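Right, one structure below, let's go through it.
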Amino acid sequence: ADELLEKTQPTTSFATKKDQVSHAPILPPMPVIEIMKKSDRDSAVEKIIGQTPISANPIRSNQSQPLRPLVNDVKSRPAAMSPLDEIQYFSLIDLRRLSSQPSEAVSRLKQKFVNLKDESYLLFMDSWNAWRNSPLYQSYLEIVDEALSQKLSLNTVLNSKEKISLVEIEALMKMEKELDI
């Protein structure tokens, strides 16, 4: 069996494991580095750089305000907007920027659809898909859905300045009927 082991193992210039273990020196255990106390560390840093160290964990600092402002999801508009992109990202703020009168603002929005219909019927159909994805249309649907689910009138649901007004909803409904979606 020993002869078979010798023939199967590659020959090396190193000693066998048995020889290495018996001749290997016993090393002393590694010294344990003493961890400095926080005050000792702070004083050492202060001596070296001349400043008091900043807290290593700013999240758990005693300050009431966080160091960085919290960031919510950011939805950016494309840099160059096509007419379809303009409709897709159309918001309540954009509608109110068109005119102070809701009926006039909606008629200007309606004119965008009419212009696309005159250019190409396919663009017009794509514009309605973009319209249904727009923030203005989504808020309009949310308000109507909330009123229907709570079995309330639109006037009772619309009590906030940030929300779309009843006049604006009526003008949008009239626009959709006139364009025959």
Side-chain angles (χ1 to χ4, degrees), residues 38-39 41-42 45-46 48-181:
K38 186 176 180 179
S39 60
R41 185 184 66 202
D42 291 348
V45 170
E46 202 170 311
I48 294 171
I49 62 172
Q51 297 177 359
T52 57
I54 299 173
S55 172
N57 194 352
I59 296 173
R60 294 184 181 181
S61 66
N62 292 335
Q63 297 174 355
S64 62
Q65 295 183 1
L67 297 175
R68 295 183 188 179
L70 296 176
V71 179
N72 295 329
D73 290 343
V74 177
K75 295 179 182 177
S76 63
R77 293 181 176 190
M81 292 179 56
S82 69
L84 293 177
D85 289 336
E86 189 176 326
I87 291 173
Q88 182 176 358
Y89 294 104
F90 204 79
S91 67
L92 181 60
I93 295 169
D94 295 329
L95 181 71
R96 290 179 177 166
R97 285 180 184 162
L98 289 177
S99 176
S100 59
Q101 299 296 321
S103 59
E104 185 179 337
V106 171
S107 69
R108 290 183 182 179
L109 176 63
K110 177 185 168 190
Q111 189 59 43
K112 292 179 189 246
F113 289 105
V114 170
N115 292 343
L116 286 172
K117 189 174 185 179
D118 291 342
E119 188 174 331
S120 166
Y121 190 77
L122 293 175
L123 278 176
F124 176 70
M125 295 308 295
D126 289 341
S127 70
W128 280 113
N129 290 333
W131 167 246
R132 290 185 181 105
N133 293 325
S134 72
L136 178 62
Y137 185 79
Q138 294 300 319
S139 65
Y140 156 62
L141 283 182
E142 286 174 9
I143 295 295
V144 172
D145 185 48
E146 184 179 343
L148 289 173
S149 65
Q150 295 178 3
K151 298 179 182 179
L152 298 171
S153 67
L154 282 174
N155 285 333
T156 57
V157 174
L158 298 170
N159 54 6
S160 174
K161 192 75 169 175
E162 294 98 25
K163 292 184 180 180
I164 191 169
S165 69
L166 182 61
V167 177
E168 291 165 333
I169 289 176
E170 290 171 347
L172 287 172
M173 288 170 49
K174 182 179 177 186
M175 176 192 77
E176 288 180 344
K177 284 180 184 177
E178 289 173 357
L179 289 174
D180 193 34
I181 301 176

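We use all heavy atoms of the structure for the numbers below, so side chains are in, but hydrogens, waters and symmetry mates are not. These numbers come from a predicted model, not from an experiment.
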**Report entry** Verdict with reasoning, W128 to I87, per side chain to side chain contact (heavy atoms under 4.5 Å, CB included)
**Finding:** CA-CA 9 Å; W128 280 113; I87 291 173; over 6 Å; no
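- Every side chain to side chain donor-acceptor pair (under 3.5 Å) that Q111 has, sequence neighbours left out, goes to N115.
- Of the inter-residue distances, the one linking L116 atom CG with D126 atom CG reads 9.5 Å to the nearest 0.5 angstrom.
- Remark: T156 pairs with L152, S153 by the side chain to side chain contact (heavy atoms under 4.5 Å, CB included) rule, at least two apart or across chains.
- In this structure, the side chain to side chain contact (heavy atoms under 4.5 Å, CB included) partners of L148, at least two apart in sequence or on a different chain, are V144.
- Annotation: side chain to side chain donor-acceptor pair (under 3.5 Å) contacts of S134 (sequence neighbours excluded): none.
- Counting only residues at least two apart or on different chains, the salt bridge (Lys or Arg N to Asp or Glu O under 4.0 Å) pairs with a member in residues 99-111 are E104-R108, K110-E178.
- Note that the CD atom of E170 and the OG atom of S165 stand 8.5 Å from one another [nearest 0.5 Å].
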Report task. Report the C-alpha separation of L92 and E168 in whole Å, then their side-chain angles, then the decisive distance to 0.1 Å, and conclude whether the side chain to side chain contact (heavy atoms under 4.5 Å, CB included) test is met. Result -> CA-CA 9 Å; L92 181 60; E168 291 165 333; 3.6 Å; yes
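- In this structure, the separation between CG on L109 and CG on L98 is 7.0 Å, given to the nearest 0.5 Å.
- Atom CD of Q150 sits about 9.5 Å away from atom CG of D145, to the nearest 0.5 Å.
- The main-chain N or O of R132 is found under 3.5 Å from a side-chain atom of Q138 such that the two form a donor-acceptor pair.
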Report task. Please assess V114 against K117 for the test side chain to side chain contact (heavy atoms under 4.5 Å, CB included), listing each intermediate value before the final yes or no. Result -> CA-CA 5 Å; V114 170; K117 189 174 185 179; 5.5 Å; no
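- Summarising the geometry, atom CZ belonging to R96 is positioned 9.5 Å from atom CG belonging to L136; distances are rounded to the nearest 0.5 Å.
- How far OG of S139 is from CG of L172: 8.5 Å, rounded to the nearest 0.5 Å.
- Taking each heavy atom of L95 and A105 in turn, the nearest pair found is O-CB, 3.3 Å.
- F113 and W131 have perpendicular rings, their planes meeting at more than 60° on a 0 to 90° scale where under 30° would count as parallel.
- With sequence neighbours left out, the side chain to side chain contact (heavy atoms under 4.5 Å, CB included) criterion links I93 to S91, R97.
- Scanning for side chain to side chain contact (heavy atoms under 4.5 Å, CB included) contacts around A171 gives V106, with sequence neighbours left out.
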**Report entry** Full working for side chain to side chain contact (heavy atoms under 4.5 Å, CB included) between L84 and L123
**Finding:** CA-CA 8 Å; L84 293 177; L123 278 176; 3.9 Å; yes
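- Of all heavy-atom pairs spanning I164 and L158, the tightest one is O-CD2, 2.9 Å.
- When the side chain to side chain donor-acceptor pair (under 3.5 Å) test is applied to Q88, no partner is found at least two apart in sequence or on another chain.
- With sequence neighbours excluded, the residues forming a ring-ring contact (aromatic ring centres under 6.0 Å, His included) with Y140 are Y137, listed by chain and number.
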